[in-house]
Amino acid sequence: MTTTRHVAHASAATGATDPQWRVDVRTGAHQLVADEPAATGGGDTGPTPFGLLLSGLAACTATTLRMYAEHKGWTLTAIEVDVRYNVADNDEASIDRTITLPADLPTEERDRLADIAERTPVTLAVRRGTPITTVIRP
């Protein structure tokens, strides 16, 4: 028998808002705002939905690498993760992730962290194409 484990929850609400595309997002005890850029009619009061998705991937990558390094007893002074969502002329999408680690980090540690980055929870969820079930309620 398969069991399901609840990992995260978020909800979003919008209505007749000003700016037009603003959405109030709640996840756990945190409140966020999502919006569209002014160039597309939004008020740019928060990140776009893709910005939030990429933020989750970047945060998961940085956190997972820091946790792994700490578990191994490695000194890791800084981790920077830059993530970009790209769409080609043929509508094919891709994500580019650049991880910057301290220059003096030993090669073995750098290689192991590169391997771990490919298996963070959010990386795996995005790569696997997690199924989405939608229910519409009155």
Side-chain angles (χ1 to χ4, degrees):
M1 172 182 270
T2 301
T3 59
T4 302
R5 183 172 47 101
H6 177 77
V7 175
H9 174 259
S11 60
T14 188
T17 62
D18 186 26
Q20 184 176 7
W21 307 123
R22 177 192 164 106
V23 177
D24 295 307
V25 180
R26 180 174 214 96
T27 179
H30 308 282
Q31 294 183 7
L32 308 163
V33 171
D35 201 351
E36 291 294 323
T40 59
D44 201 21
T45 60
T48 66
F50 274 114
L52 291 170
L53 173 71
L54 295 179
S55 295
L57 177 59
C60 183
T61 301
T63 301
T64 301
L65 297 183
R66 177 156 303 285
M67 287 176 167
Y68 187 84
E70 185 174 305
H71 173 75
K72 290 292 193 177
W74 299 343
T75 301
L76 194 54
T77 56
I79 302 169
E80 293 180 20
V81 182
D82 182 84
V83 187
R84 296 168 190 259
Y85 189 87
N86 307 303
V87 180
D89 291 339
N90 63 358
D91 287 336
E92 193 169 310
S94 65
I95 296 174
D96 292 332
R97 174 173 52 190
T98 302
I99 301 168
T100 304
L101 300 170
D104 61 347
L105 192 68
T107 301
E108 309 80 45
E109 292 178 18
R110 181 180 302 280
D111 291 347
R112 185 65 182 137
L113 291 172
D115 181 54
I116 295 298
E118 297 303 320
R119 295 183 283 120
T120 71
V122 175
T123 298
L124 294 176
V126 170
R127 282 205 175 121
R128 288 178 182 154
T130 304
I132 300 172
T133 303
T134 303
V135 175
I136 305 292
R137 298 187 314 191

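Here T48 contributes atom OG1 and L54 contributes atom CG; the two are 7.5 Å apart, rounded to the nearest 0.5 Å. Between the OH atom of Y68 and the CD atom of E109 there is a distance of 9.5 Å, given to the nearest 0.5 Å. Here D104 contributes atom CG and T75 contributes atom OG1; the two are 9.5 Å apart, rounded to the nearest 0.5 Å. In this structure, the separation between OG1 on T61 and CG on L113 is 11.5 Å, given to the nearest 0.5 Å. We find the CD-OG1 distance between Q20 and T40 to be 9.5 Å, quoted to the nearest 0.5 Å. Separating the CG atom in L57 from the OG1 atom in T120 is a distance of 6.0 Å, to the nearest 0.5 Å.
Hydrophobic clustering (side-chain heavy atoms under 4.5 Å, transitive across Ile, Leu, Val, Met, Phe, Trp, Tyr) groups L65 together with V83. Linking Ile, Leu, Val, Met, Phe, Trp and Tyr residues whenever their side-chain heavy atoms come within less than 4.5 Å leaves V122 and V7 in two separate clusters. Grouping the Ile, Leu, Val, Met, Phe, Trp and Tyr side chains by contacts below 4.5 angstrom, directly or via other members, places V23 apart from F50. Cluster annotation: I99 is not connected to L124 through the hydrophobic network of ILVMFWY side chains, with a link wherever side-chain heavy atoms come within less than 4.5 Å.
R84 contributes no side-chain N or O that, together with a main-chain N or O of S94, makes up a donor-acceptor pair within less than 3.5 Å. In this structure, R97 contributes its side chain and A117 its backbone to a donor-acceptor pair below 3.5 Å. When atom types are taken as modelled, the side chain of T14 and the backbone of R22 share a donor-acceptor pair closer than 3.5 angstrom. With T27 contributing its side chain and H30 its backbone, the two residues share no donor-acceptor pair below 3.5 Å. Judged by distance alone, the side chain of D35 and the main-chain N or O of D44 form a donor-acceptor pair under 3.5 Å.
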Checklist entry - Can I79 and L101 be said to form a side chain to side chain contact (heavy atoms under 4.5 Å, CB included), step by step? => result CA-CA 5 Å; I79 302 169; L101 300 170; 4.1 Å; yes
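In plain terms, the two heavy atoms of E36 and P49 that are nearest each other are OE2-CD, 3.4 Å. Heavy atoms only, all atoms of each residue included: A93 and Y85 are closest at CB-OH, 3.2 Å.
Under a cut-off of 6.0 angstrom, the local environment of CG in N90 is crowded, with over 12 non-hydrogen atoms contributed by other residues, nucleotides or ligands.
The existence of a salt bridge linking D24 and R26 is excluded, since no basic side-chain nitrogen approaches an acidic carboxylate oxygen closer than 4.0 Å.
In terms of the salt bridge (charged side-chain N to carboxylate O under 4.0 Å, His left out) criterion, residue partners of R112 (sequence neighbours excluded) are, by chain and number, D115.
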Just distance, no hydrogens or angles: give the donor-acceptor pairs under 3.5 Å from side chains in residues 125-138, sequence neighbours left out.
residue: R127; atom: NH1; partner: E118; partner atom: O; Å: 3.3
residue: R127; atom: NH1; partner: E118; partner atom: OE1; Å: 2.8
residue: R127; atom: NH2; partner: E118; partner atom: OE1; Å: 2.6
residue: T130; atom: OG1; partner: A125; partner atom: O; Å: 2.9

